[in-house]
Structures are given as structure tokens and as C-alpha cells.
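Values below: every heavy atom of this structure, side chains too, minus hydrogens, waters and symmetry copies.
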Amino acid sequence: MKVSILDDYHDTVRTLACFSKLAGHDVTVWNDHAQDVDTLAQRLIDTEALVLIRERTQIRTPLLERLPKLRLISQRSVYPHIDIDTCTRLGIVVSSSQHPGAPSHATAEMTWALILAAERQIPKQMASLKAGKWQTGIGTTMRGKTLGIYGYGRIGGVVAGYGRAFGMNVLIWARPQTLVAARADGYDTAASKEAFFSECDVITLHMRLVDATRHIVTAADLAHMKPTALLVNTSRAPLIAPGALVEELRRGRPGMAAVDVYEHEPLLDTADSLLNVPNVVCTPHIGYVTRDEYEVQFVDIFDQIVSYAAGKPINVVNLDVLKSPRR
């Protein structure tokens, strides 16, 4: 099959051990990012199997209708960036492993790195030292503080464990059935959403972006946070209402933020308001970007291509497409 891999920024995929699974296929790897439909249509005109790295590129109807040879989209995890109904109509199989029970430890570790970087002012302290100065401020110890986990799923559960290991008091807020699971694991749960935002010293978001969670964190929620509190987002930017984080940071509640995700990615505008708030630590969506995590993810992605080529599609999210003749 003719396979195209988009958005491999560092030309990493071909260096992975699991890349050998595509031996015998005609593989093209694109290292830049393109979202323009005309550009993508030209690049992918002969593509039969399209590999996506998470949600870096939107695969919408105007593009799909210009890819007559496309038969398979292979990726991992959620797929809000793909027009699934159009794929089904056009006979394109979408395979995406949901990896049940397998959290992204890379993202959980990145969450903790951001917490420590913000609370200990590591970026500012490094910049001060490189500027020929010494200490530029005083940080905060995590032990004894309250860590709030908003969304107690696979990654949230791992981060809660990190908080416990650091001697923090862990408080959970999530859907009712998820709160039951958190209590069963020995964690305290908040009495209400308002109490959760008011009581925590650090709040970290761990939810999938779906209609029910879009803009679930409001300006009013953030205004309940302590002026010394930290909000961390390594999940998805639209979990927070548009503009609310910058607005409330400027008002002083919360006192800090650390973010790895943005409304529009890649974020290349140095004038972006979030990048210019002094009490924010920003990283370029690197939560899952480790070689170890890539190996885990691309094993699934490449297995889906191999299985499709053998006539046995796996992890199909639009099962109705299998009832129609394939392209």
C-alpha cells in the first residue's frame, strides 16, 4: 500500500523499531505541518493508508472528498479531528486503538514536570542564572499541599499517585461514577465543583475533549481558585472557556498556570496572549512526545495497517463502513 505519515516533526517515526512493520509498503513521511486543503490534497492524492500523529492535522470533508484512493486512516486514541461520517460515506476505514487500561505515562510525567517547574520557578531561575544573576525568587514545596485532579481517568489516576508519593493531599472531582472509583482507590473527593476549585493548591485537568467537556472549566471556576494556586493543562485547551485562563490569571486567580496545549496548534505566534502572561509556564504540546511513547503508539498504528492490508481490519471506529464495498 501507499502509506503517508503526516506531521512527523523530527523525522522520528522511521527510526522506531516498529517501523519495520511497514516493510514492503511504499511509505512517505512528511516532516512539516500543513493544514491547507489544496496542499494536503496534492500531497495525499495517491495515498491509500494515512497515518496521523494524534490530532495534529484536521481531516475534514473537503479534504476527504479529494482523496479518491484513500482506503484507511490509522491512528491511536480519540478522533475529534476526523469527519467520521464522511469517511464512512466514502468507504474509508478509520482504525484507532483506544488502548484501554494503558495510560500515557509520558503525559502523566510531563504533568508532574510542569507542576514542579512552575512551583519552583525553574524557567525563571534558569533565565536569571544565564543572565549573570543569582536566585530570582522563592518557590513552593509540594508536600502537605492539596493536589486537585479534575477527571479521574487513566492519566489522572497516575498523576494522583505521583501526588500521593510527594506527600500531597489528593482531592478528586469528576463524573459521579468516576468519583465512586476514586473513593474506592482511597482518594478524597470534593463536596462540589466550587469547593474543588476553592480548596486546591494545584489543579490539573485530565479529561477527553468531547461535547460534554468542552469549556467545562469556566472563568467563574478559575475565579474561585486561590491567588497562590496553580492550574495545569496537559489535556486539551478547549476544556477551558475561550480567553478565560488569560483573563483570570491577569486578575490574580489562579496565581499561576502551566500549559502544554493550545486552541490552535502548532502555536507559532509569539504575540499570543497566553505566551505573554508572566506567571505561565508554556511548553509546545510535548506531553506524549517521547521515544518510548512513540514506540507504544506506533506499534498499534502500524499493526492496524498490516491487518487492513491482510483483509482483516482491526480497531475500526466506523464499523458501518465494513458493510459497504471497499474502494
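N315 has its side chain out of reach of Q98: every pair of non-hydrogen atoms, C-beta onward, lies at least 4.5 Å apart. Between E109 and T107, the closest side-chain pair of non-hydrogen atoms is not below 4.5 Å. At least one side-chain heavy atom of L239 sits less than 4.5 Å from a side-chain heavy atom of L209. Under the 4.5 Å side-chain criterion, counting only non-hydrogen atoms from C-beta, L171 is in contact with F196. Contact annotation: the side chain of V217 approaches that of F197 to within less than 4.5 Å [non-hydrogen atoms, C-beta and beyond]. Counting heavy atoms from C-beta on, the side chains of L222 and P254 come closer than 4.5 Å. Looking at heavy atoms from C-beta onward, D83 lies out of side-chain contact with I59 at the 4.5 angstrom threshold. Within the 4.5 Å cutoff, the side chain of D320 has heavy atoms near those of the K323 side chain.
What you find for G148 and C200 is that their closest heavy atoms are CA-SG, 3.4 Å. When every heavy atom of Q58 is checked against every heavy atom of Q35, the shortest pair comes out as N-OE1, 2.8 Å. The nearest pair of heavy atoms linking A223 to R253 is O-CD, 3.3 Å. A pairwise comparison of heavy atoms in S77 and S96 identifies O-OG, 2.5 Å as the closest pair. Nearest heavy atoms, D8 versus V13: OD2-N, 2.9 Å. Scanning all heavy atoms of the two residues, the minimum distance from L72 to S95 falls at CD1-OG, 3.7 Å.
For R291 and T15, the side-chain atoms include at least one donor-acceptor pair closer than 3.5 Å. A donor-acceptor pair shorter than 3.5 Å can be found between the side chains of Q304 and S74. For the residue pair D272 / Y262, no side-chain donor-acceptor distance below 3.5 Å is found, with atom types taken as modelled. Checking D221 against T218 by side-chain atom types alone, a donor-acceptor pair falls below 3.5 Å. Q75 and H81 share a side-chain donor-acceptor pair at under 3.5 Å. Under 3.5 Å, the side chains of T111 and T234 contain a donor-acceptor pair of N or O atoms.
For the salt bridge (charged side-chain N to carboxylate O under 4.0 Å, His left out) test, residues two or more places apart in sequence or in another chain that qualify with E247 are R251. Not counting sequence neighbours, Y79 has no partner by the ring-ring contact (aromatic ring centres under 6.0 Å, His included) test.
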Assess whether side chain to side chain contact (heavy atoms under 4.5 Å, CB included) is satisfied between L147 and F166, documenting all intermediate values. CA-CA 10 Å; L147 171 65; F166 270 70; over 6 Å; no
Practice problem: Would you check, one step at a time, whether the test side chain to side chain contact (heavy atoms under 4.5 Å, CB included) holds for L70 with L44? | Solution: CA-CA 8 Å; L70 185 62; L44 305 177; over 6 Å; no
Dump the intermediate steps for side chain to side chain contact (heavy atoms under 4.5 Å, CB included) on T57 and H33, then the final yes or no.
CA-CA 8 Å; T57 297; H33 172 75; 3.9 Å; yes
- Task: Show your reasoning for whether side chain to side chain contact (heavy atoms under 4.5 Å, CB included) applies to L64 and I73.
- Result: CA-CA 11 Å; L64 290 165; I73 297 175; 4.1 Å; yes
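Checked by atom type and distance alone, the side chain of N233 never pairs as donor or acceptor with a backbone atom of V259 at under 3.5 Å. No donor-acceptor pair closer than 3.5 Å links the side chain of Q125 to the backbone N or O of Q135. T213 contributes no side-chain N or O that, together with a main-chain N or O of I216, makes up a donor-acceptor pair within less than 3.5 Å. With S128 contributing its side chain and W134 its backbone, the two residues share a donor-acceptor pair below 3.5 Å. Side chain of E194 to backbone of H224: no donor-acceptor contact under 3.5 angstrom is found. For the pair K226 (side chain) and E199 (backbone), a donor-acceptor distance under 3.5 Å is present. Judged by distance alone, the side chain of S97 and the main-chain N or O of H99 form a donor-acceptor pair under 3.5 Å.
The neighbour count for R56 CZ, taken as heavy atoms of other residues, nucleotides or ligands under 6.0 Å away, is above 12. When the shell of 6.0 Å around CG of N31 is examined, it contains more than 12 heavy atoms from other residues, nucleotides or ligands. In R175, the CZ atom is not crowded: 12 or fewer heavy atoms of neighbouring residues, nucleotides or ligands sit closer than 6.0 Å.
Linking Ile, Leu, Val, Met, Phe, Trp and Tyr whenever their side-chain heavy atoms come within less than 4.5 Å puts I286 and L275 in one cluster. Neither I314 nor V306 shares a network with the other; the hydrophobic side chains, linked directly or stepwise wherever heavy atoms of I, L, V, M, F, W or Y lie under 4.5 Å apart, form separate groups for each. When hydrophobic clusters are built by joining Ile, Leu, Val, Met, Phe, Trp and Tyr residues whose side-chain heavy atoms come closer than 4.5 Å, directly or via intermediates, V299 is not grouped with Y294. V261 and I155 end up in different hydrophobic clusters when Ile, Leu, Val, Met, Phe, Trp and Tyr side chains are linked at under 4.5 Å. The hydrophobic cluster containing L274 also contains L231, counting ILVMFWY residues as joined when their side-chain heavy atoms lie under 4.5 angstrom apart, directly or transitively.
Taking CD1 of I172 as the reference point, atom OH of Y150 lies at 12.5 Å (rounded to 0.5 Å). Put simply, CG on L116 and OG1 on T140 are 11.5 Å apart, with the number rounded to the nearest 0.5 Å. With rounding to the nearest 0.5 Å, the separation of CG in L6 from CG in L50 is 5.0 Å. For the atom pair CE (M225) and CG (L249), the distance works out to 9.0 Å, reported to the nearest 0.5 Å. Note that the CD1 atom of I305 and the CG atom of D300 stand 11.5 Å from one another [nearest 0.5 Å]. With rounding to the nearest 0.5 Å, the separation of CD1 in I5 from CD1 in I53 is 7.5 Å.
Taking 4.0 Å as the cut-off between side-chain N and carboxylate O, D185 and R164 do not count as a salt-bridged pair. A salt bridge does not link K145 to E119: none of the charged side-chain nitrogens sits closer than 4.0 Å to a carboxylate oxygen.
For the pairing with T86, the side-chain contact (heavy atoms from CB on, under 4.5 Å) check across I92, N318, L63, T61 returns one residue only, T61. Residue E48 forms a side chain to side chain donor-acceptor pair (under 3.5 Å) with just one option from K2, R71, K69, H25, and that option is R71.
Because its NZ or CZ atom is not both nearer than 6.0 Å to the ring centre of Y288 and within 45° of the ring axis, R76 does not count as a cation-pi partner of that residue.
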